[in-house]
Every structure is written in structure tokens, then in C-alpha cells.
Amino acid sequence: MQMARGAVIDLQSVTKKKVAHSRSWALLDSNGEAQTLDADKYAIMHRVRIHARDLRILDPLLSYPSTILGRDQAIVLNLEHIKAIITAEEVLLRNPSDEHVIPIMEELCRRLPKGSANQRTDLLGDGQEQLNESHDVDAGDEDESPFEFRALEVALEAICSFLDARTTELETDAYPALDELTSKISSRNLDRVRKLKSGMTRLTARVQKVRDELEQLLDDDDDMADLYLSRKLAGASSPVGGSVAPNWAPASPTIGSRIGRASRASAATTHGNENDVEELEMLLEAYFMQVDGTLNKLTTLREYIDDTEDYINIQLDNHRNQLIQLELLLSSATVAVSIYSLVAGIFGMNIPYPWNTGHGYLFKW
């Protein structure tokens, strides 16, 4: 009874820990200030105006593929360990105590405030006025990027860096192990390569899911338009129903030039930028290329593993052929020796032969 009661208590404690862990959120506003939020799913659904099926994607107890969903007032983001809800004014990040999530929170606190770029350029000093001016222009362009794009860029940069780091670690371990296997085929080396190949297969599937999600977004302009939360918010609050174009032109600080941003801004004012998704497309395309490069590294590693397996199979076939030749030589020697054994066996038997009549003296041994 005591053992059963102890098992029930342990199960209840584990369940409470899981529930408490799933209720923990980190709230970051547009000023970069973070606070811990303890709320259930109904409070989160009411706060960001999303459905239960969208919130279920972020449940750490469930397994869902990488997803970026655009809703009326929020972006639901599920990229590996990054599970977040981005609105036009705040970011809700799940599991803030996770060791992989803490650096993302720090980066969001640093990059979400609009004045952070200007503060960094003010620290350069008075002796670099021209450099300050160019940085101020870039910082001004970066500040025009809406809040949800800055948060989305931090998440994409974090997941791309995370996957690339895991790929680099795998390459560091895999290539020496494969070279050692080619030099010496042993059970230890084979088991080591088997584990590395299994890890590579799992990592390739994770990178492929992120790449497919970005590719799916890039192929659909309507899905990208749903991610413009600030534009939709401005259109909803405008008295003319969004017929006037917003006074900002979202731009990615990592790609593009001032000329490209100026041309996109002029095009946006000309066409009303209702369906202009070029800025977001360039942002997603930059990280799509980075994820695609990571996938190419894994593909190259897989080809190297396949080449190593072919080389090992050739070696094993060569050894097998040598064993077959040795077996054939031994078989031939056995047949040759068996002929002499046959003759000796025949003469050693007590069988009367007619040709030894009258020649008995020959066989008196």
C-alpha cells in the first residue's frame, strides 16, 4: 500500500510540474522589457485572439512540425524549441526557463526597442562623423521595420544558428570517425558511425521541416500578407478603412540596400502596398538560403557516408574474393591428396585379385 501510495504521489507531482511548465510564458513588449506570465491556455487565447487549435501547436507535450501561421492579430511560431506568439505590440515566448530559450529572450530584449540601433551608433565617438551618418541612415531604415518583423527575424536567426551549430558539431564528429573506419574496420568504429548516421538522419529531418515551412511561405503571397500585423492594425484603425498607405516601409536590416528600400518605398506609395510583401519575402528568403545551406552540408555529409559505405563494401568484397580463392585452392589440394588416399585404401583392403595368382612372393610382406 505504501509503495502504491508513493507511486501515486510521484505521478501527481510530475503532472503538476508539467502543468506548471506549460503555463509559464515570457512577455516582451515593444520596449524590450520582459516579465514572466503565468496563465492558462484560455487566458492566452483571449489575450492574443487565437483559436485553441493554434495554441495546441505550441504545446510542449505534443509533437508538431515547424510551423509559421499568420492570424488576424498574431503570428503563431513553432520552430523546434522556439514556441512563440507574436502580436503587433508584444511577444509571448513559451518555456522561458529553457536553456535554449534564454539567449533568445536576451536577444529580443536587445533588438525589439526601436531606439536600440541609434544608441549603438551614438557610442562610436565624434571622430567618425561620416560613419555615424551612414549608420544613422541605416538605423532609421531599421526602425521602420514593424515590431512583428523584428521579433520574427530574431526567431529565424536563432533557429538557423542553432541548426547550423548542430550541423557543424555533427561534421566535426562524423568526418574523423568515417576516416578511421576506412583505415580500420572494427565493431567499435562501425557502431560509432551507425550512431552518427542516425543523428544525421534526425537532424536532416528537422532542417528539412524548417526549410519546407519557409518555402511554403515564400510560395504563397497571401500567407505572407497575413504576417503584416501592423499593416492590418493600421488599416483597421484607419477611418477610411485602410485606403491610405501606412507611413512605414518594412525592411530587413540583414539584407537589401538603401537604394532597394527607397525603390520599395516608392513602389509601396504608388500601388497602395495592400499586397506588397517584398520586404517580408526578402527577409524570409535570406534565412531560407541559410537553412538551405545547412541542408546542403547535411546532404554532402550523407554522400560522404554513402561513399564510405561503398568503399567498405568494396573492401569486404575483395576480402571475400580472397577467401573464395583460398577455399578453391584448399579444395584442389584436398582432391589431389584424396587420389593417393584412394589408391592406398584400395590396396589396403582384403580383396582377392586374380592377377596376383602365381605371384604370391610379391605380396609376402
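Here, residue 1 is the first one in the sequence, and each next residue gets the next number. Side-chain atoms are counted along with the backbone in the values below, which use heavy atoms only and exclude waters and symmetry mates. These figures come from a predicted structure and were not determined experimentally.
Side chains of L92 and R47 form a contact here, defined as non-hydrogen atoms less than 4.5 Å apart. Proximity of R49 to R71: side-chain heavy atoms (C-beta onward) are nowhere separated by under 4.5 Å. Side-chain contact between R56 and L62: present, with at least one pair of heavy atoms (C-beta onward) separated by less than 4.5 Å. Within the 4.5 Å cutoff, the side chain of I68 has heavy atoms near those of the L156 side chain. You'll find the side chain of D59 stays beyond 4.5 Å of the side chain of Y64, heavy atoms only. Considering only heavy atoms from C-beta on, L112 stays 4.5 Å or farther from S30 through its side chain. Contact check for C109 versus L28: side-chain heavy atoms found under the 4.5 Å cut-off.
Remark: L214 CG to D219 CG distance equals 11.0 Å, nearest 0.5 Å. Going from atom OG1 of T87 over to atom CG of L229 covers 7.5 Å, rounded to the nearest 0.5 Å. Atom CG in L170 sits 6.5 Å away from atom CG in L196 (nearest 0.5 Å). Here the CG atom belonging to L27 is positioned 9.5 Å from the CE atom belonging to M105, to the nearest 0.5 angstrom. M200 contributes atom CE, which lies 13.5 Å from atom CG of D173 (distance to the nearest 0.5 angstrom). From L227, atom CG reaches atom CG of L152 across 7.0 Å, with rounding to the nearest 0.5 Å.
Geometric assessment of R166 against the ring of F162 yields a positive cation-pi assignment under the 6.0 Å and 45° thresholds.
Side chain to side chain, E213 and T67 fail the donor-acceptor criterion of an N or O pair below 3.5 Å. If you check the side chains of Q208 and D212, you find a donor sitting under 3.5 Å from an acceptor. Looking only at atom types and distance, the side chain of D164 has no donor-acceptor partner in the side chain of S161 under 3.5 Å away.
A salt bridge does not link E106 to R110: none of the charged nitrogens lies less than 4.0 Å from a carboxylate oxygen. The existence of a salt bridge linking E80 and K209 is excluded, since no basic side-chain nitrogen approaches an acidic carboxylate oxygen closer than 4.0 Å. At a threshold of 4.0 Å, the pair D306-R302 does not count as salt-bridged, since none of the basic side-chain nitrogens sits closer than that to a carboxylate oxygen.
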- Message: Working note: Y311 + Q315, criterion side-chain hydrogen bond (donor to acceptor under 3.5 Å, both in side chains); need CA distance, chi angles, decisive distance, verdict.
- Response: CA-CA 6 Å; Y311 176 75; Q315 280 189 333; 3.0 Å; yes

- Worked verdict on V91 versus I85 for side chain to side chain contact (heavy atoms under 4.5 Å, CB included): CA-CA 6 Å; V91 178; I85 301 175; over 6 Å; no

- Query: What's the verdict on salt bridge (charged side-chain N to carboxylate O under 4.0 Å, His left out) for K232 and E148, showing C-alpha distance, side-chain angles and the deciding distance?
  - Reply: CA-CA 12 Å; K232 291 188 289 186; E148 64 270 16; over 6 Å; no

- I would like to know whether L93 and W25 meet side chain to side chain contact (heavy atoms under 4.5 Å, CB included); could you show each step before the answer? CA-CA 6 Å; L93 196 61; W25 295 80; 6.0 Å; no

- Can you check side chain to side chain contact (heavy atoms under 4.5 Å, CB included) on L163 and L203, steps first, answer last? CA-CA 8 Å; L163 294 175; L203 183 58; 4.3 Å; yes

- Message: Pair T308, Y304 - check side chain to side chain contact (heavy atoms under 4.5 Å, CB included), show working.
- Response: CA-CA 6 Å; T308 304; Y304 192 83; 3.9 Å; yes

- Task: Decide salt bridge (charged side-chain N to carboxylate O under 4.0 Å, His left out) for K184 and E180; before the verdict, give the C-alpha distance in whole Å, the side-chain angles of both, and the deciding distance to 0.1 Å.
- Result: CA-CA 6 Å; K184 181 181 179 182; E180 185 178 357; over 6 Å; no

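Between the R111 side chain and the A151 main chain, no donor and acceptor come within less than 3.5 Å of each other. Proximity of a side-chain donor or acceptor of D292 to a complementary backbone N or O of F288 within less than 3.5 Å is not detected. A donor-acceptor pair is defined here as one N or O able to donate and one able to accept, closer than 3.5 Å; such a pair exists between the side chain of R150 and the backbone of S145. The closest donor-acceptor contact from the side chain of N189 to the backbone of R192 lies at 3.5 Å or more, if one exists at all. Under the 3.5 Å distance criterion, the side-chain polar atoms of D54 are left unmatched by any main-chain donor or acceptor of I50. Within the 3.5 Å criterion, the main-chain N or O of A43 finds a donor-acceptor partner in the side chain of D40. Under the 3.5 Å distance criterion, the side-chain polar atoms of N31 are left unmatched by any main-chain donor or acceptor of E33.
The 12-atom threshold is not exceeded at CG of D72, counting heavy atoms of other residues, nucleotides or ligands nearer than 6.0 Å. Within a 6.0 Å sphere centred on CD of E89, heavy atoms belonging to other residues, nucleotides or ligands number 12 at most.
Contact detail for L233 and A88: the closest heavy-atom pair is CD2-CB, 4.1 Å. The nearest pair of heavy atoms linking N78 to P65 is ND2-O, 3.2 Å. Annotation for I57 and R53: closest pair CG1-O, 3.5 Å, computed over non-hydrogen atoms.
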Taking only distance into account, with no hydrogens and no angle test, what donor-acceptor pairs under 3.5 Å do side-chain atoms of residues 321-336 form with protein atoms, sequence neighbours excluded?
{"residue": "N321", "atom": "ND2", "partner": "D317", "partner atom": "O", "Å": "3.2"}
{"residue": "S331", "atom": "OG", "partner": "E327", "partner atom": "O", "Å": "2.8"}
{"residue": "S332", "atom": "OG", "partner": "L328", "partner atom": "O", "Å": "3.0"}
{"residue": "T334", "atom": "OG1", "partner": "L330", "partner atom": "O", "Å": "2.7"}

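Hydrophobic cluster membership is shared by L190 and L301, with clusters built from Ile, Leu, Val, Met, Phe, Trp and Tyr side chains linked at under 4.5 angstrom. At a threshold of 4.5 Å between side-chain heavy atoms, the hydrophobic network of Ile, Leu, Val, Met, Phe, Trp and Tyr places I102 and L108 in two separate groups.
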